[in-house]
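Counting convention: from 1, in listed order, for ligands and their atoms alike.
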Amino acid sequence: MKHTDIFDVLTKQELLGKEVTVCGWVRTFRDSAQVCFLELADGTSFARLQAVIAKDSVQLDPECSKNGAAVCVTGEVVKAYKGEGNELNVRSISLLGACPPEYPIQKKRTTLEFLRTIPHLRLRTNTFTAVFRVRSVAAQAIHRYFHEHRYYYINTPIITASDCEGAGEMFRVTTQPWNSKAESEAAYYKDDFFGKKAGLSVSGQLEGEVAATAFSKIYTFGPSFRAEKSNTTKHLSEFWHVEPEVAFAELPDIIEIAEEMLKYVIRAVLNECPDEMDFFDKFVEKGLKDKLNHVVESDFAVCDYTDAIKLLQEADVNFQFPVDWGCDLQTEHERYLTEQVFKKPVFVTNYPKEIKSFYMKQNADGKTVAATDLLVPGIGEIIGCSEREADLEKLKAAMVARGMDMSAYAQYLDLRVFGSVPHSGFGLGFERFVMYVTGIENIRDVTLFPRWVDNVM
Ligand code: 4AD
Ligand code: MG
């Protein structure tokens with residue numbers, strides 16, 4: 001259908017006085033004596049287009065005025081009578097798709113909880129239009145950042161036989177019939193599609209390291225899968241993962257890259273989504289824009305894990321989980337550090353090796369690894385990051401200590417045999433980043449069709 005995007009009609013001066021055809025969905029209808037007004041949205045802009053209909057000259061099918069109806073409108077572009085931008089003086093209007101009154105998107109019932117029950121329709125609301133435009137702009141900015149800094153974009157396998165994080169959170173991939181009876185686990189997988197146990201990747205890191213030790217700078221941006229039974233506002237079973245991997249980079253270098261990349265993407269969102277950010281600032285998180293402007297202008301904090309433990313032990317707060325050196329930080333601890341102590345994003349560094357993954361570089365103290373998590377207010381961890389162990393013997397020792405099957409990682413170990421170099425990388429949970437920049441508090445509201453334990457469609 002030949003038509004003009006509402007974004008163009010609203011913003012392009014050269015369209016003033018011209019006749020255009022616009023297609024969209026009716027958001028509101030107002031009637032007065034001589035004229036009536038339809039607000040139309042087509043998703044190309046956050047602002048809606050006001051279509052002004054003179055009752056004496058335009059035939060209006062009543063179905064065209066119903067909330068949610070899809071219509072096609074032709075008219076002249078004129079300066080808006082009130083406010084900024086343009087509006088449309090309608091010459092003709094036709095119905096594309098009627099919308100019966102059962103349409104669940106009604107002004108009265110638009111809590112996020114309710115909208116979560118209708119994921120196929122919720123994108124037609126202001127909140128979700130704004131979230132998903134920000135999400136798209138942020139994704140583009142991430143690709144742009146890496147492209148401008150000469151990283152190769154690589155695609156790592158989704159089906160894999162090696163568990164990167166080793167936390168037993170892999171979904172299994174199988175074509176075995178449900179009633180297959182096997183004598184042992186090995187026998188069961190021998191008959192399976194790949195002849196061995198396979199699953200959905202929790203991270204593209206291990207293959208990312210392969211590429212980084214050839215191209216120096218690479219990144220992946222794809223889905224990761226975690227069979228965690230964490231029924232929280234920040235866990236999904238399927239999330240999008242941004243994972244750069246950089247050769248000749250040590251922990252301080254990768255921290256610098258993570259901070260620079262995040263600031264770049266936040267700036268892009270602020271610049272490219274002004275209407276959406278105003279909306280979030282007003283209706284979702286008061287002060288959001290000030291917070292983000294402050295974040296891009298100031299340095300992130302860096303705090304050693306051991307110091308973080310002291311800060312938490314000295315805190316005048318009754319944490320649900322006890323704090324001792326060696327414990328994994330819980331969300332409540334992470335949020336206290338970033339919200340109460342530093343009041344900005346903070347990299348917590350040098351965690352005890354027992355609570356972190358096998359591939360992390362072992363520090364000289366023999367107790368900690370060169371790893372960092374980036375914690376942000378409102379969420380806690382959004383980035384998991386480390387320098388990788390480049391020493392073959394130390395890496396093997398860490399794998400033995402964890403009882404890992406070395407044969408499954410033979411190629412990974414080869415990277416330490418043939419021209420091993422210091423290298424580092426991180427994983428940014430893309431949905432958590434979108435939560436941070438929009439102020440949306442539940443990860444299920446920044447994901448088109450969220451999957452979590454007991455929930456899939
Ligand atoms: O800290 P994680 O587990 O680190 C890794 O997977 C490394 N291999 C990354 C790397 O160094 N290349 O996960 C990284 C990030 C977390 O900080 C979090 O933001 C996100 O991925 N994440 C999740 N997001 C949503 N739902 C889940 N279940 C997530 N698990 C991790
Ligand atoms: Mg982590």
Side-chain angles (χ1 to χ4, degrees), residues 135 138 142 146 151 154 156 160 162-171 200-212 217-247 249 251 254-255 257-258 261-262 305 328-331 333-334 338 345-349 351-352 355-361 369-376 378-389 412 423-437 440 442-447 450-453 455:
R135 186 174 166 132
I142 286 168
F146 287 121
Y151 287 64
I154 60 153
T156 51
T160 180
S162 58
D163 179 358
C164 174
E165 292 307 306
E169 288 162 354
M170 282 236 276
F171 283 102
L200 296 178
S201 180
V202 300
S203 161
Q205 177 195 324
L206 302 188
E207 295 86 357
E209 286 185 51
V210 168
K217 298 194 281 190
I218 65 92
Y219 73 103
T220 70
F221 189 169
S224 283
F225 306 87
R226 305 251 168 131
E228 289 174 277
K229 293 209 165 167
S230 307
N231 197 350
T232 77
T233 55
K234 62 178 210 182
H235 286 92
L236 291 171
S237 311
E238 177 181 300
F239 69 97
W240 281 69
H241 209 170
V242 181
E243 295 186 280
E245 192 68 35
V246 186
L251 189 67
I254 197 75
I255 285 181
I257 293 166
M261 186 211 78
L262 285 180
Y305 169 88
D328 206 356
L329 298 185
Q330 303 294 325
T331 299
H333 307 139
E334 295 178 342
T338 177
V346 51
F347 288 101
V348 175
T349 58
Y351 284 82
I355 57 170
K356 288 291 185 187
S357 302
F358 72 95
Y359 53 72
M360 295 176 174
K361 183 184 161 68
V369 285
T372 185
D373 282 356
L374 178 67
L375 317 179
V376 298
I379 300 168
E381 175 191 346
I382 65 166
I383 279 181
C385 173
S386 65
E387 183 173 341
R388 318 308 188 187
E389 184 52 79
Y412 185 70
H423 62 289
S424 303
F426 67 83
L428 167 71
F430 185 52
E431 286 79 9
R432 292 194 188 171
F433 176 76
V434 176
M435 290 167 73
Y436 181 57
V437 292
I440 295 284
N442 193 322
I443 199 164
R444 296 167 195 170
D445 296 333
V446 299
T447 310
R451 278 91 172 79
W452 69 95
V453 61
N455 277 277

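Under the 3.5 Å distance criterion, the side-chain polar atoms of Glu243 are matched with a main-chain donor or acceptor of Gly204. Panel note: side chain Ser201, backbone Thr160; no donor-acceptor pair is recorded below 3.5 Å. Formation of a donor-acceptor pair under 3.5 Å by the Ser224 side chain with backbone atoms of Val202 is found in this model. Using a distance-only test at 3.5 Å, with no hydrogens or angles considered, no donor-acceptor pair links the side chain of Glu431 to the main chain of Phe239.
Ligand 1 has no nitrogen or oxygen under 3.5 angstrom from a nitrogen or oxygen of Glu245. Checked by distance only, ligand 1 and Leu236 come closer than 3.5 Å through their nitrogen or oxygen atoms. Ligand 1 has a nitrogen or oxygen under 3.5 angstrom from a nitrogen or oxygen of Ile382. On a distance-only criterion, Val202 and ligand 1 share no N/O pair closer than 3.5 Å. Considering backbone and side-chain atoms alike, Ser386 places every N or O at 3.5 Å or more from each N or O of ligand 1. When only interatomic distances are considered, the shortest N/O to N/O separation between His235 and ligand 1 does not fall below 3.5 Å.
Within the 4.5 Å cutoff, the side chain of Glu238 has no heavy atoms near those of the Phe171 side chain. Side-chain contact check for Lys356 versus Asp373: some heavy-atom pair is nearer than 4.5 Å. Put simply, the side chain of Trp240 does not reach to within 4.5 Å of the side chain of Ile142, judged on heavy atoms. Using a 4.5 Å cut-off on side-chain heavy atoms (C-beta onward), Ile443 and Arg432 make contact. Looking at heavy atoms from C-beta onward, Tyr436 lies in side-chain contact with Pro345 at the 4.5 angstrom threshold.
Remark: ligand 1 atoms within the under-4.0 Å shell around heavy atoms of Tyr359 are 7 (C), 8 (N). Using a 4.0 Å cut-off to heavy atoms of Gly429, the atoms of ligand 1 that qualify are 15 (C), 19 (O), 20 (C), 21 (O). Proximity to Gly425 (heavy-atom distance under 4.0 Å) selects the following atoms of ligand 1: 11 (O). Residue Lys234 approaches ligand 1 through these ligand atoms, each under 4.0 Å from one of its heavy atoms: 25 (C), 26 (N). Below 4.0 Å from some heavy atom of Ile443 lie the following atoms of ligand 1, by number and element: 25 (C). For ligand 1, the atoms lying closer than 4.0 Å to a non-hydrogen atom of Cys164 are 8 (N). Interface of Ser203 with ligand 1, defined as ligand atoms under 4.0 Å from a residue heavy atom, comprises 6 (O), 8 (N).
Of all protein heavy atoms, the one lying nearest to atom 18 (C) of ligand 1 is Arg432 NH1, 3.5 Å. Looking only at protein heavy atoms, the nearest one to atom 16 (C) of ligand 1 is Glu381 OE2, 3.2 Å. Regarding atom 15 (C) of ligand 1, its nearest protein heavy-atom neighbour is Gly427 O, 3.5 Å. The nearest protein atom to atom 12 (N) of ligand 1, hydrogens excluded, is given as Glu243 OE2, 2.7 Å; this is a heavy-atom distance. At the top of the distance list for atom 29 (C) of ligand 1, counting protein heavy atoms only, stands Phe239 CE2, 3.5 Å.
Using a 4.0 Å cut-off between charged side-chain N and carboxylate O, Glu165 and Arg226 make no salt bridge.
Arg388 counts as a contact of ligand 1, since one of its heavy atoms falls under 4.0 Å from the ligand. Ligand 1 lies nowhere less than 4.0 angstrom from a heavy atom belonging to Phe433. Residue-ligand proximity: Leu374 is placed with every non-hydrogen atom at 4.0 Å or more from ligand 1. The closest approach between a heavy atom of Glu431 and any atom of ligand 1 is not below 4.0 Å.
Protein N/O/S atoms closer than 2.8 Å to the Mg ion (ligand 2), listed by chain and residue number, are Glu381 OE2.
A donor and an acceptor atom, one from each side chain of Tyr359 and Glu209, are nowhere located under 3.5 Å apart. With no hydrogens or angles considered, a side-chain donor-acceptor pair links Thr331 and Lys234 at under 3.5 Å.
Nearest heavy atoms, Ile154 versus Ala211: CD1-CB, 3.5 Å.
Ring geometry for Phe430 versus Phe433: interplanar angle under 30°, hence parallel rather than tilted (30 to 60°).
Among Arg226, Glu228, Glu387, Glu165, the residue whose heavy atom lies nearest to atom 31 (C) of ligand 1 is Arg226.
Between Phe146 and Tyr219, the ring centre distance stays below 6.0 Å.
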